[in-house]
Amino acid sequence: EALCLRGYFYLYGARRGLRQRIGDFFLHDWPHAIRDLWRETLLSVVLTFVGFGAGYWLVAKDKGWFDAIIPPSLAGGRNPDASVEVLRQVLYDGADSNFLSGFAAYLFTHNVQVAILAFALGFAFAVPSVLLILMNGCLLGAMFQIYVAKGLGVELGGWLSIHGTTEMIAIALAGAAGMRIGT
């Protein structure tokens, strides 16, 4: 009865305008939902860092792990054996060949897919969400290791921070929501 009563007031209660509903969502409902997910969000961020550390460490110890972690479509010719010039060219000279804009679009698409999957697969007791977040961190760590090994870690970090900051936050929040569903 209580559920029916709440449903009735939700459907037929006092009407609010679209502007007020949108404002309430962004000012109250969404921040409240994010605050409510703080444990899962923290776990999602920790899992990303654990995956990052694992990917970085594995590639640093054995270059063969790079090919096992990074799909060839994402590597784009970058690997532990690539020269500094090749890695630097990807970061700086790619603008002339439109490579960086295509690569940025690929990364954006990849990160959106990871975020959606991290949320949607959470229904399976959160296990796929956890594994997906770990793997995404592992990809990032493996890629960073080859750039750091060649002295280009700061440059790659700067390039990825332009778009990656918001995308990584979105992945963490989507993963947290997926973990909440699963638990």
Side-chain angles (χ1 to χ4, degrees), residues 37 40-122 124 126-179 182:
L37 286 173
E40 292 88 352
T41 304
L42 180 62
L43 179 61
S44 183
V45 170
V46 167
L47 287 170
T48 300
F49 280 113
V50 166
F52 181 92
Y56 189 92
W57 182 77
L58 287 170
V59 173
K61 292 295 180 188
D62 181 9
K63 293 178 184 180
W65 277 102
F66 184 83
D67 294 327
I69 295 171
I70 304 287
S73 62
L74 184 60
R78 294 166 295 170
N79 59 44
D81 298 326
S83 67
V84 175
E85 293 79 27
V86 169
L87 296 176
R88 183 174 281 130
Q89 181 181 9
V90 170
L91 290 176
Y92 295 111
D93 298 336
D96 297 334
S97 65
N98 292 329
F99 174 76
L100 281 183
S101 59
F103 183 62
Y106 175 81
L107 283 179
F108 179 78
T109 303
H110 168 76
N111 289 338
V112 167
Q113 289 173 344
V114 169
I116 290 171
L117 285 173
F119 172 69
L121 295 176
V127 172
S129 296
V130 167
L131 293 176
L132 196 58
I133 291 168
L134 278 171
M135 187 59 197
N136 197 54
C138 201
L139 288 168
L140 192 59
M143 190 61 75
F144 255 97
Q145 201 289 320
I146 65 166
Y147 276 86
V148 169
K150 306 292 183 181
L152 296 171
V154 173
E155 288 85 351
L156 179 65
W159 189 82
L160 288 176
S161 69
I162 294 169
H163 74 278
T165 305
T166 54
E167 293 172 22
M168 294 305 289
I169 291 170
I171 290 171
L173 291 175
M179 284 186 252

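Numbers here are sequence positions counted from 1. This structure is a prediction, so every number in the text was calculated from the model and none was measured.
- Partners of S161 according to the side chain to side chain contact (heavy atoms under 4.5 Å, CB included) rule, which considers only residues two or more places apart in sequence or in another chain, are T165.
- By the side chain to side chain contact (heavy atoms under 4.5 Å, CB included) test, A82 pairs with N79, V86, L87, sequence neighbours left out.
- Atom CZ of F49 sits about 13.0 Å away from atom CD1 of I133, to the nearest 0.5 Å.
- Note: L156 CG to R78 CZ = 8.0 Å, rounded to the nearest 0.5 Å.
- Sorted by first and then second residue, the pairs that involve residues 55-68 and meet salt bridge (charged side-chain N to carboxylate O under 4.0 Å, His left out), not counting sequence neighbours, are K63-D81.
- Under the ring-ring contact (aromatic ring centres under 6.0 Å, His included) criterion, F144 pairs with F52, not counting sequence neighbours.
- The side chain to side chain contact (heavy atoms under 4.5 Å, CB included) test applied to A177 returns L37, F119, not counting sequence neighbours.
- One finds the CE atom of M135 at 14.0 Å from the CG atom of L47 (value rounded to the nearest 0.5 Å).
- Contact between A115 and A170 at its shortest, heavy atoms only, is CB-O, 4.3 Å.
- The side-chain hydrogen bond (donor to acceptor under 3.5 Å, both in side chains) analysis of residues 130-155, with sequence neighbours excluded, yields the pairs H110-N136.
- Scanning both residues, A54 and C138, for their nearest heavy atoms gives C-SG, 4.5 Å.
- Screening L173, T48, L160, V114 for a side chain to side chain contact (heavy atoms under 4.5 Å, CB included) involving M168 leaves a single residue, T48.
- A search for side chain to side chain contact (heavy atoms under 4.5 Å, CB included) contacts involving I70 returns F66, L74, A75, L139, A142, M143, not counting sequence neighbours.
- Contact between L132 and A118 at its shortest, heavy atoms only, is CD2-N, 3.5 Å.
- S44 places no side-chain N or O within 3.5 Å of a backbone atom of E40 that could act as its donor or acceptor partner.
- Summarising the geometry, atom CD1 belonging to I69 is positioned 11.5 Å from atom CG belonging to L140; distances are rounded to the nearest 0.5 Å.
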